Amino acid sequence: MSSKDIRQRLLQSSGSVPYEGLTEDSDIQTLAGYAHSKYGQLVWWTLVLLTGGLLYILNRWLPVLQLQLCYTRTSLTKAEFVAVHMKTGVVEVERVQHQRTATGEESDRGLRYFVHRHQRYHFDPDTSQFKTVQGLEGVPFETLQSMSKVAAPIDSVRAEQEAVHGPNAIIVEVPPIGVLLYREVLNPFYIFQVFAIVLWCFEDYFFFAACILGVSAISAGVSLYETRRNLTRLRNMVNFHGHINRLMAGVDNPTSSKTVDMSELVPGDIVQIPANGELNFDALLLVGSCVVNEAMLTGESVPMTKSAIPRTIAGNYLPEAHKGFTIFGGTHILYCRTSVVLAMVVRTGYTTSKGELIRSILYPAPTRFRFYVDSLYFVVILFFFGIAGLVYAAIVLKDNDVNINKIVVRSLDVVTLVVPPALPAALAMGIAVALFRLRRSRIFCTSPPRVNVAGKVKVCCFDKTGTLTNEGLELWGVHPASHGQFTDVVSRLADFNDSVVRAFATCHSLAILPSITSAQVEYVGDPMEVELFRLLDWELTDDAQNERTFVTPKAAAGRGAASATPPPLVIIKRFPFVASLRRMSVIYTERAALDRDPLQPLTLVVKGAPEELRNLCVRASLPEDYDELFREYSQQGYRLIAVASRNLGSMTRAQVDALEREEVEKDLTFVCLIILQNKVKPASKAVIQELNLAKLRTIMITGDNVYTAC
């Protein structure tokens, strides 16, 4: 296989997309190719010397000046530099880098790429375009499963992959103080301030000039210190080193592995997930199951269970749409539910979810407020008034036979009176004080000018569950149904009927997390499911190796006639919760039935939004006042979960494994409505009242039913 074929395969397998197609996810509008011009460089530096460096300063604000003078426009095929035109109007110039392939072919020109804001763009000779490399997004599951069974690539192909994807590392560069100072002082306001200070020194206003210089230096120093300090903190936070076992012969031979540094991994590698540790790459689970903590990425402290992709899954793989099968970089592995957990690396470095998060911190989206636009117009208008005053003063002073040197100084002095030179110093000092106050509250900012944005906030949006209300849900009651009629609301375990008990015991996605300090186990999953399962006082045994979960009732004490103790049950298949479907389901049988072939009796239990399950149930099983009670409970602020079931009869284990949820989640029998309450935190009311007094609009964001939210 030639280097060209290898490169093309890598670009195709990585789901590359032309930059023209990144209208929604990319800030890039167009790319333009440029070549180096020696004559242009000579002209540029000559003009810089003739203007006393003024042209160099202007280029800092308008980089197109040097671009037009020093470079000649060419095609992307021959480009030595690429001008990246952002949608915000900003133009950034990046150098095209060349890297020869490991094949050693003389005719091979190697890989051409440039890096823009930590994102790699590789040149595709067939389309004459630069394309982003996003890992294995969008690749069909069938292809990924085939890739997982082949041996690791040879060294030459691996070198090619490393050249395409770059190192698996998130490196935050902390610029030296000199570079940060250079960026800070080349602000138009600071340049104008330097001009004013020099002018005042000619007029012997040394004390005033020294005061302005001192205030400006202190404010700039504080700003630089905070920026560098926060960047250093961010770098230390994302800095990661670790080792992992990489499989050499595919998932069919997990014993053949090699311990490598995680920085050497590339998309397509098969690795063994450690029982306890952190990953710095996004991976698709192929074998086994594990429990992870994604608090670093999502802020949710509830551990999540990740399972392997089903053997019969179809479609294209999208990490954000298939979160239940994806371990994201930056998450912590708490517990491996199976003895062996294997995964395929799908994204590395800055293309991971953690990398995208860090990029958004380093390069925040630009904000344009009417206030800033009006302020700029105001300064421009004042400047023109100053120019007019300068001309008028020069004419008047000349008519009065004033010395030419004094005419120049006095005329320029008019400009400093119209546009206050102390304005940037005052603004910088205000930002410095704000940063100090924020730091005392453990709030850090990597871009000090963004502090001014906080003063323009008019709307505060809050998540509901866990923010305005308590993290967990409490069971208020269960409203069961029988033969198409609602019965009395019950809240005690002794009053639950057999169908409700079985639904509570089986219809969940709970896993167990062994405790290090005690013999007890911790249930991991949705807080609501944990609450309902603990209420039953059952025991859960996880047999993820055989893809089943045992649930066993404890002593029957405390149960009444309505809740005769069911036999031990075993969950043999789960259909996970899908946000678009707003439901989850499980298939269970009695533990004693595991020895039977086929398995019988099999029962499907579905749990989800009442308005969704209403359409899946047999009409005769739905009470006539279903919609009325649903609306009534919702308007009282309760959260409702509907439960329904279906008898599946008997099937072999192979038939159960091949079932799709669309085949079984229909013709259901309605079981009950679970009524939950989520109490408001004591501090929420005072905070909302304080925001209302400050004339700030408050908005609650929730996925609950609209009646519950109101």
Side-chain angles (χ1 to χ4, degrees), residues 463-466 468-470 472-493 495-509 526-529 531-533 535-536 562 575-586 603-646 661-662 664-680 700-710:
D463 178 40
K464 175 178 172 282
T465 305
L468 296 177
T469 62
N470 294 326
L473 297 168
E474 298 178 9
L475 180 67
W476 183 84
V478 176
H479 209 152
S482 178
H483 304 292
Q485 298 291 330
F486 275 120
T487 58
D488 295 335
V489 178
V490 295
S491 57
R492 298 187 308 124
L493 175 61
D495 298 325
F496 289 178
N497 61 40
D498 183 70
S499 297
V500 172
V501 172
R502 287 172 178 254
F504 277 34
T506 59
C507 195
H508 54 72
S509 56
D526 187 280
M528 176 196 69
E529 295 179 342
E531 175 73 17
L532 297 180
F533 189 80
L535 179 67
L536 292 182
F575 295 109
F577 176 81
V578 177
S580 59
L581 299 177
R582 302 177 67 188
R583 65 178 184 269
M584 70 159 292
S585 61
V586 299
T603 304
L604 171 78
V605 181
V606 184
K607 177 177 66 179
E611 55 269 39
E612 295 296 329
L613 262 64
R614 181 184 188 278
N615 302 322
L616 302 177
C617 290
V618 176
R619 183 60 188 171
S621 70
L622 283 174
E624 293 182 358
D625 54 349
Y626 180 90
D627 294 333
E628 180 181 347
L629 278 178
F630 167 57
R631 186 177 296 105
E632 180 180 339
Y633 283 128
S634 298
Q635 288 177 341
Q636 295 179 28
Y638 294 112
R639 182 177 178 182
L640 300 178
I641 302 294
V643 179
S645 65
R646 178 187 174 188
R661 66 190 311 163
E662 292 79 9
V664 292
E665 291 181 351
K666 60 184 180 180
D667 301 329
L668 307 176
T669 300
F670 178 71
V671 174
C672 68
L673 282 177
I674 303 174
I675 308 168
L676 303 157
Q677 59 181 349
N678 190 211
K679 296 182 179 179
V680 179
M700 180 178 68
I701 302 175
T702 178
D704 291 345
N705 183 272
V706 63
Y707 296 116
T708 303
C710 294

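Residue numbers start at 1 and run along the sequence shown. Being a predicted model, the structure only gives us computed values, none of them experimental.
Taken to the nearest 0.5 Å, the CD atom of Gln635 stands 10.0 Å off from the CZ atom of Phe630. The NZ atom of Lys607 lies 9.0 Å from the OG1 atom of Thr506; values are rounded to the nearest 0.5 Å. Atom OG1 of Thr669 sits about 9.5 Å away from atom CZ of Arg646, to the nearest 0.5 Å. How far CD of Glu529 is from CD1 of Ile641: 9.0 Å, rounded to the nearest 0.5 Å. For the atom pair CG (Leu640) and CG (Leu613), the distance works out to 12.0 Å, reported to the nearest 0.5 Å. For the atom pair CZ of Phe504 and CG of Leu493, the computed distance is 9.5 Å after rounding to the nearest 0.5 Å.
Considering only heavy atoms from C-beta on, Ile674 comes within 4.5 Å of Val643 through its side chain. Side-chain contact check for His508 versus Met528: every heavy-atom pair is 4.5 Å or farther apart. You'll find the side chain of Leu676 reaches within 4.5 Å of the side chain of Leu532, heavy atoms only. Side-chain atoms of Arg492 and Val490, non-hydrogen and from C-beta on, never get closer than 4.5 Å to each other. For the pair Tyr633/Val489, a side-chain contact is recorded, criterion being any heavy-atom separation below 4.5 Å from C-beta on. Counting heavy atoms from C-beta on, the side chains of Leu673 and Val478 never come closer than 4.5 Å. Contact annotation: the side chain of Leu468 approaches that of Met700 to within less than 4.5 Å [non-hydrogen atoms, C-beta and beyond]. You'll find the side chain of Arg619 reaches within 4.5 Å of the side chain of Arg614, heavy atoms only.
The shortest non-hydrogen separation linking Val664 to Leu604 is O-CD2, 3.2 Å. Residues Val606 and Cys507 share a closest heavy-atom pair of C-SG, 4.2 Å. For the residue pair Val501 and Leu536, the shortest heavy atom distance occurs at O-CD1, 3.7 Å. Shortest non-hydrogen contact noted between Phe670 and Pro623 is CD2-CD, 3.9 Å.
Each of Ser621, Cys617, Ser645 was scored for a side chain to side chain contact (heavy atoms under 4.5 Å, CB included) with Leu668, with one residue passing: Cys617.
Sparse packing is recorded around CG of Asp488, with 12 or fewer heavy atoms of other residues, nucleotides or ligands lying under 6.0 Å away.
Remark: the backbone N or O of Thr487 is paired with a side-chain donor or acceptor of His479 at under 3.5 angstrom.
A tilted orientation is assigned to the rings of Tyr638 and Trp476, their planes being inclined by 30° to 60°.
Take Glu665 and apply the salt bridge (charged side-chain N to carboxylate O under 4.0 Å, His left out) test, not counting sequence neighbours, and it matches Arg583, Arg661.
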